[in-house]
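Here the structure comes first, spelled out in structure tokens, and everything after it is commentary.
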Amino acid sequence: MREQVLVIGGGVVGLASAWWLAEAGYRVTVLERAPEVGSGSSYGNGGQLSYRYVSPLADAGVPLKALQWMFQDTGPLHFRPEADLRQYRWLASFLAHCRADVNRKTTAKLLELGELSRQGMKQLEVTIPLDEFDWRDAGKLVVYRSRDLFVKAAGKAGAGEIWSPSECAAREPSLAAAEPLLAGGIYNSGEAVADCHAFCLALADRLRAHPCFQGFVGGEARRLLVDGGLITGIEVQDGADTRTIAADSYVLAAGIQSRTLSDTVGITLPLYPLKGYSLTAPIRADDVAPEISVTDFERKVLYARIGDKLRVAAMVDMVGEDLSHNQKRVDSLTRQVKETMPRAADYSKLSVWAGLRPATPSSAPIIGATPYANLWLNVGHGPLGFTFACGSAALLAGAMQGEAPPFSLDGLTLRG
């Protein structure tokens, strides 16, 4: 019989990991601190499955842009210094990755992971009907306000279909009001949108019915326990009670909490919580909501129709593990949305959500082995956890079984 694996984290990455491991024959248990799976960063994210739009945040020119953004009320970046060395270590490493050659190398690796993830989602169609989580092959349109940026993007090989401002508005009528503000857009088919939280619930249901799944366990993971060079258990607090859960192997897929847990066994994970916001509003019968998934390039705002709702995601707030809503940021995003797509949804019924995206300086997740033979990682997916969940889970399951990966994992492991 296969060994017992405890997956720590019931978000989209942890659930996908549990599914692929169960399919490989492992006896799998999932530890989740929230009453319901998919309640953290997986709950209200942008919903875009952007398998081919995976450019890392770190790139040449980004440091200067970041300085400009920090002094703009509508800027996509907000920075608040912390008395935490992890923030400054992450920033120093991020700046070291802000080179064009590094960006190209990382992008190439993420494109391979994206394609593997697309194939993995395709495999799941047999188990989970796509309509259970509002999956839709929407295509992706990236719109540009700056003529120079648009021309530069359009000149890249394989950029996609090049649309003028009038073509953007004609093919995606929700952009009609924004047409005078646009320099153009680049469209790619094959990109999808879906409800990540609904996907998590559907996958959890399928896990419960899987013969190799041992169940969900509730509680807050406090620390990993070590003896003789192996992880021997995890200390879990559930209300006033503290207990130890043991398994043969452990998979750390707990989002930003992963860095705290890894610290308990001397492993420093280069993760930082990039707080993002999303707005969700119902779409009425006479609203002109986007059919295509839209990204406003300069403002870093994503628009997607998910079922009968409009989902808008944006912002990078470097403020530590703070989930509170900065009303100025929310008001700024709301104004931008109403300006860009004034007739897309019922904004009087807008709901606001914030989540902590566990990001690495390179924007590449960390998958696979650690110095402990029975501790494995699937962390650091940043804003692309939904996009990369299936591919990351497949790579993790393969690594745990000693299989050769489908492509080189340089840049995707703990040691890079």
Side-chain angles (χ1 to χ4, degrees), residues 13 41 45-46 48 50-72 75-82 84-114 117 142 144 146 149 152-153 156 159 255-256 258-259 268-276 295-302 313-320 355-367 377 379-388 391-392 408-416:
V13 173
S41 295
N45 61 31
Q48 293 189 344
S50 300
Y51 300 120
R52 289 179 289 184
Y53 189 76
V54 294
S55 182
L57 179 61
D59 197 2
V62 167
L64 178 58
K65 290 179 185 176
L67 285 173
Q68 296 169 341
W69 288 333
M70 282 192 287
F71 294 100
Q72 297 172 358
L77 174 67
H78 175 63
F79 175 73
R80 185 180 70 203
E82 296 179 84
D84 186 347
L85 286 176
R86 292 178 297 189
Q87 184 186 56
Y88 300 98
R89 290 194 193 103
W90 192 94
L91 281 170
S93 182
F94 174 80
L95 291 173
H97 283 86
C98 286
R99 305 199 322 261
D101 59 328
V102 175
N103 181 279
R104 285 193 296 270
K105 183 177 179 181
T106 305
T107 298
K109 191 58 56 182
L110 295 184
L111 284 170
E112 290 181 307
L113 179 57
S117 295
V142 183
Y144 296 81
S146 161
L149 288 175
K152 182 179 178 181
K156 292 181 179 178
I256 196 58
S258 299
R259 68 174 183 175
T268 300
L269 294 178
L271 302 180
Y272 190 81
L274 301 181
K275 183 166 77 171
T295 295
D296 186 331
F297 182 80
E298 283 92 331
R299 295 187 175 183
K300 309 301 182 190
V301 181
L302 316 181
M315 307 292 191
V316 173
D317 284 8
M318 300 190 67
V319 295
L356 302 177
R357 299 169 293 201
T360 65
S362 68
S363 296
I366 303 171
I367 305 163
L377 301 174
V379 300
H381 298 74
L384 294 172
F386 193 14
T387 295
F388 290 149
S392 298
S408 168
L409 300 187
D410 288 349
L412 297 176
T413 63
L414 184 60
R415 295 181 178 85

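Residue numbers start at 1 and run along the sequence shown. Since this is a predicted model, take the numbers as computed values, not measurements.
The minimum heavy-atom distance between Leu271 and Gly380, with the atom names listed, is CD2-CA, 3.5 Å. Shortest non-hydrogen contact noted between Phe79 and Gln87 is CE1-NE2, 3.4 Å. Among all heavy-atom pairs drawn from Val13 and Gly385, the shortest one is CG2-O, 4.0 Å. What you find for Ser363 and Ala58 is that their closest heavy atoms are OG-N, 4.4 Å. Contact detail for Leu414 and Leu377: the closest heavy-atom pair is CD1-CD1, 4.1 Å. The two residues Thr106 and Ser362 come nearest to each other via the heavy atoms CG2-O, 3.5 Å.
Note that the NZ atom of Lys300 and the OG1 atom of Thr295 stand 9.0 Å from one another [nearest 0.5 Å]. Put simply, CG on Leu110 and CZ on Phe388 are 4.5 Å apart, with the number rounded to the nearest 0.5 Å. A distance of 7.5 Å separates OG1 of Thr360 from CH2 of Trp90, quoted to the nearest 0.5 Å. Here CE of Met315 is found 10.5 Å from CG of Leu77. Values are rounded to the nearest 0.5 Å. For the atom pair OG (Ser50) and CG (Leu384), the distance works out to 7.0 Å, reported to the nearest 0.5 Å.
Put simply, the side chain of Arg259 never gets that close to the backbone of Leu269: no donor and acceptor are under 3.5 Å apart. A donor-acceptor contact shorter than 3.5 Å links the side chain of Tyr272 to the backbone of Gly320. A donor-acceptor pair under 3.5 Å links the side-chain atoms of Tyr88 to the main chain of Glu82, judged by distance alone. Not one N or O on the side chain of Gln48 forms a donor-acceptor pair closer than 3.5 Å with the backbone of Leu302. A donor-acceptor pair under 3.5 Å is formed between the side chain of Ser117 and the backbone N or O of Gly391. For Arg357 (side chain) and Pro383 (main-chain N/O), no donor-acceptor pair under 3.5 Å exists by modelled atom type. In terms of modelled atom types and a separation under 3.5 Å, the side chain of Ser41 and the main chain of Leu356 share a donor-acceptor contact.
Side-chain polar atoms of His381 and Ser392 form a donor-acceptor pair below 3.5 angstrom.
Glu298 is listed as a side-chain neighbour of Ser146, based on a closest heavy-atom distance under 4.5 Å. Ser408 places a side-chain heavy atom less than 4.5 Å from the side chain of Lys109.
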Using side chain to side chain contact (heavy atoms under 4.5 Å, CB included), reason through Arg89 and Thr268 one step at a time and then give a plain yes or no. CA-CA 11 Å; Arg89 290 194 193 103; Thr268 300; 5.7 Å; no
Let's go through Lys275 and Val316 carefully: what are the C-alpha distance in whole Å and the side-chain angles of both, what is the deciding distance for side chain to side chain contact (heavy atoms under 4.5 Å, CB included) to 0.1 Å, and is it a yes or a no? CA-CA 6 Å; Lys275 183 166 77 171; Val316 173; over 6 Å; no
List the steps, then state whether side chain to side chain contact (heavy atoms under 4.5 Å, CB included) holds for Tyr53 with Thr387. CA-CA 10 Å; Tyr53 189 76; Thr387 295; over 6 Å; no
